[in-house]
There are 4 protein chains.
Amino acid sequence: MPAANSQPRRARSGNRRDEAARLAVLHAADDLLVERGFGNLTVEAIARRAGVAKQTIYRWWPSKVEILLDTLIEDTEKRLPMLTERTTAESIRGYLLGFARFLTGDPAGKILLALIAEAQHDPGTAESLHKRYLGPRRDQERDMLVRAIDAGEVSPRLDPDATIDALVGPIVYRALTGSSIPSGLVDTLVADLLLPR
Amino acid sequence: MPAANSQPRRARSGNRRDEAARLAVLHAADDLLVERGFGNLTVEAIARRAGVAKQTIYRWWPSKVEILLDTLIEDTEKRLPMLTERTTAESIRGYLLGFARFLTGDPAGKILLALIAEAQHDPGTAESLHKRYLGPRRDQERDMLVRAIDAGEVSPRLDPDATIDALVGPIVYRALTGSSIPSGLVDTLVADLLLPR
Amino acid sequence: MPAANSQPRRARSGNRRDEAARLAVLHAADDLLVERGFGNLTVEAIARRAGVAKQTIYRWWPSKVEILLDTLIEDTEKRLPMLTERTTAESIRGYLLGFARFLTGDPAGKILLALIAEAQHDPGTAESLHKRYLGPRRDQERDMLVRAIDAGEVSPRLDPDATIDALVGPIVYRALTGSSIPSGLVDTLVADLLLPR
Amino acid sequence: MPAANSQPRRARSGNRRDEAARLAVLHAADDLLVERGFGNLTVEAIARRAGVAKQTIYRWWPSKVEILLDTLIEDTEKRLPMLTERTTAESIRGYLLGFARFLTGDPAGKILLALIAEAQHDPGTAESLHKRYLGPRRDQERDMLVRAIDAGEVSPRLDPDATIDALVGPIVYRALTGSSIPSGLVDTLVADLLLPR
DNA sequence: AGTTAAACGAGACGGTACGTCACGTCTTGAA
DNA sequence: TTCAAGACGTGACGTACCGTCTCGTTTAACT
């Protein structure tokens, strides 16, 4: 067994999309958002930090928002799993606590907040955010809730979507206003809104 | 022969601050936000629209965010009055419905949403927004709620601030995500979170 | 007899240089120069127009200037023949008129003007242009003139190279400045500069 | 008490055009053209070298060609004076020698050659060059020649414009091809083309 | 009544980032 | 080995706004 790969360096892409460049961009955007904030997040800075040409970014992403969405989607899948099994009030409480931790403690949570914010400034962002993130996620959450209702585990007074907004809204709002999210808040929301009176 | 003002023009101020210019800036900012969105709201565009020199803006406002805050504060006082008299579950319900209408229907509501958004991108905005708007307003809301609790009109399970977030959060969240706010949502929030089980 | 060459297409070369590709590049460059001007002549446009990969161009030509030189040389040989027989004042006059027509009327004349121009901007172009075109051509012209002098047909007051510049310079200069070249100009140049006083 | 003005610094423009910036741009363009050649002359490099913002250049000049034209016109007036008095064959000879020296020895001469070149690549340049430089200059030269003809000092066989092209063309052509311009060439052109046979 | 000082419109200035274009180099996979 | 295809790092393009800075004018308040 001789030598083998003396200088690995970078694989240099050639004809195909360069996966290393893709990841470098996603990580650079994530890092810069956390370090410098969205207001200082520029495409040029991402390119600089990622060691990538600006054109490489524009070739694959129509805007920095889509970069963040890509990161957000990948990270959410890894770090904020949906409930797939039997759903109870208790497991929903666990999901909401996980979501609160995600929003306030995880870098990806900052991305979500930044995108919700940017969606207020730019209709294109709003559309992408709904189509690629909020919509699909909401579909899974609604499913989760409906399964619990059908099983008789919970009995909300509102339709499923309004119920989810009533549960998630306070968590998001406190995150947006920089407040912490005490577990007692989540407990009471679940108790008051989901359980029979 | 008196003749009198051939060209009235504008009553050029001279030594004192020009109130007409101040109002022109506030209205220009408001109009542009509604027409073009925050993303297209620039100081240069405000100056252009207001017929004012850029320097006149920078002389009186440190940033466009403060312009919007000025407008927001004035408009909120006019169009979203606080409860000053006896507070009941019913009057809180009315206040929340008014707040929902303000957020989704009033141009000033768009300003508040834009500022909450911008606060995610820029710490200075966050500080100003809390100090000049969210903080004072929250003080009044807390007062309002405490008066109702003391009078035995409502009995929330959470401390006052968390209670208000639980009531207001879903409304803000639906406004941020572009959903309408059905009155049934407000009714149920009040019933489930404020009234005794 | 079945099938047989279903798609003749292009006789894709495989191992050897593809002559069709070479010609496609030369013609594309020529056409684009005439249609769009040198300022809009890019390697990418040539490749696009020729239906050829960019790398195929870079494999065979160090720069777009060399492409144009190849075209220019081929076209000059075809369309601007040198005098090979006996040379007289009259035949030199004919050569100069042909040169004037070439410069102002022939697409290849535009190439020569473009290359003389580009040589002012880039030393590499200047070197190539002299080595591959102007130098050899000047050698033939000098020969032509010297033969006429030796035969007593003409008697210029200047050395051969300066004489040729004095004859050719006005023609090139008028072409460069977009003027036409009246035959009277050529006649007078020959009469005043070549014939005895 | 003499002294005064402790820190002159830069006058900082304010409302009016900044003359220092204008001159810095003209000189930077001139210097860069001579040092690096037209091919390496970019607006960004001019701005960098002049210590000026790119926008300041675009505010006043539509292209780098116009910058060079400004420099060329100013320098030509200073360093290549027209004949204003009585014109003779001898004074025309002097003018042509001065022109030859200007073209080959003066930095501004390089600018003229570069602009003649660029005019081949871009029609806008051609138009500007003619309107702002070649045209007016030619008017003066024609005047000069006609005065000499009317005074009986010279008797060209061609119309004035063609005569000037016949005199100037060889000089420009040799400059374009990088040759020197021996004074004998000018002498012979004047003798053969302007003096009676 | 004459002087002073602030506010105003206008807009030039040095900057940063935008999104696009073409450069010349590289790699893949088919012929 | 050549070719079509096309991704890549590089760097300039011309534009939009940023926030700062005079300039010359206007006018209220203070000598």
Side-chain angles (χ1 to χ4, degrees), chain A residues 10-18 20-22 40-45 47-48 50-60 62-64, chain B residues 9-18 20-22 40-48 50-60 62-64, chain C residues 9-18 20-21 40-47 50-60 62-64, chain D residues 10-22 40-48 50-60 62-64:
Chain A
R10 169 94 81 80
R12 283 318 303 281
S13 55
N15 206 7
R16 293 273 178 273
R17 176 164 187 182
D18 186 341
R22 188 186 136 262
N40 296 103
L41 184 66
T42 68
V43 173
E44 303 219 313
R48 219 149 38 220
V52 140
K54 213 172 22 154
Q55 185 56 44
T56 297
I57 296 183
Y58 283 110
R59 190 170 5 250
W60 298 109
S63 73
K64 66 189 173 190
Chain B
R9 271 308 206 169
R10 168 99 75 81
R12 283 300 301 284
S13 57
N15 207 1
R16 292 271 178 272
R17 176 164 187 183
D18 185 343
R22 188 185 136 262
N40 297 102
L41 185 65
T42 69
V43 172
E44 305 219 313
I46 296 172
R48 215 148 42 220
V52 140
K54 226 180 359 164
Q55 184 55 37
T56 297
I57 295 183
Y58 283 110
R59 190 170 6 250
W60 299 108
S63 73
K64 67 187 173 192
Chain C
R9 270 306 207 172
R10 170 100 74 78
R12 284 300 300 283
S13 56
N15 208 353
R16 291 271 181 276
R17 175 164 188 183
D18 186 342
N40 297 103
L41 184 66
T42 68
V43 173
E44 305 219 314
I46 297 173
V52 139
K54 228 178 359 161
Q55 185 54 39
T56 299
I57 294 183
Y58 284 109
R59 200 182 343 265
W60 298 108
S63 73
K64 66 189 173 190
Chain D
R10 170 93 80 82
R12 280 321 304 279
S13 55
N15 204 9
R16 293 273 178 275
R17 177 164 188 181
D18 186 342
E19 177 67 7
R22 189 186 136 262
N40 296 103
L41 185 65
T42 69
V43 173
E44 303 220 313
I46 296 172
R48 222 153 30 226
V52 139
K54 216 177 9 159
Q55 184 57 45
T56 296
I57 295 184
Y58 284 110
R59 186 164 17 245
W60 299 108
S63 72
K64 66 187 173 192

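Nearest nucleotide to the B/Asn15 side chain, out of E/dA7, E/dA6, E/dA10: E/dA6. Considering only the side chain of A/Lys54, E/dC18 comes nearest among E/dC8, F/dG14, E/dC18. Closest approach to the C/Ala53 side chain among F/dC8, F/dA5, E/dC18 is made by F/dA5 (side chain taken as heavy atoms from C-beta onward). Listed candidates were F/dG24, F/dC8, E/dC13. Nearest to the side chain of D/Arg16 is F/dG24.
In this structure, A/Glu44 atom CD and E/dG15 atom P are separated by 16 Å, rounded to whole Å. Distance OH (A/Tyr58) to P (F/dC13): 18 Å, rounded to an integer number of Å.
Inter-residue side-chain proximity for A/Ile57 and A/Lys54 is flagged as unmet; no heavy-atom pair is nearer than 4.5 Å.
Residue D/Trp60 has no polar side-chain atom (N or O) positioned under 4.0 Å from OP1 or OP2 of E/dA12. The phosphate of F/dG9 (OP1 or OP2) has a side-chain N or O of A/Thr56 nearer than 4.0 angstrom. Checking the phosphate oxygens (OP1, OP2) of E/dC13, a side-chain nitrogen or oxygen of D/Arg59 falls inside 4.0 Å. Contact annotation: D/Thr42 does not reach the phosphate of F/dG11 (side-chain N/O to OP1 or OP2, under 4.0 Å).
With hydrogens and angles ignored, a donor-acceptor pair under 3.5 angstrom links the side chain of A/Gln55 to the base of E/dC21.
In this structure, C/Arg17 satisfies the cation-pi test against C/Trp60, with its NZ or CZ atom closer than 6.0 Å to the six-membered ring centre and inside 45 degrees of the ring normal.
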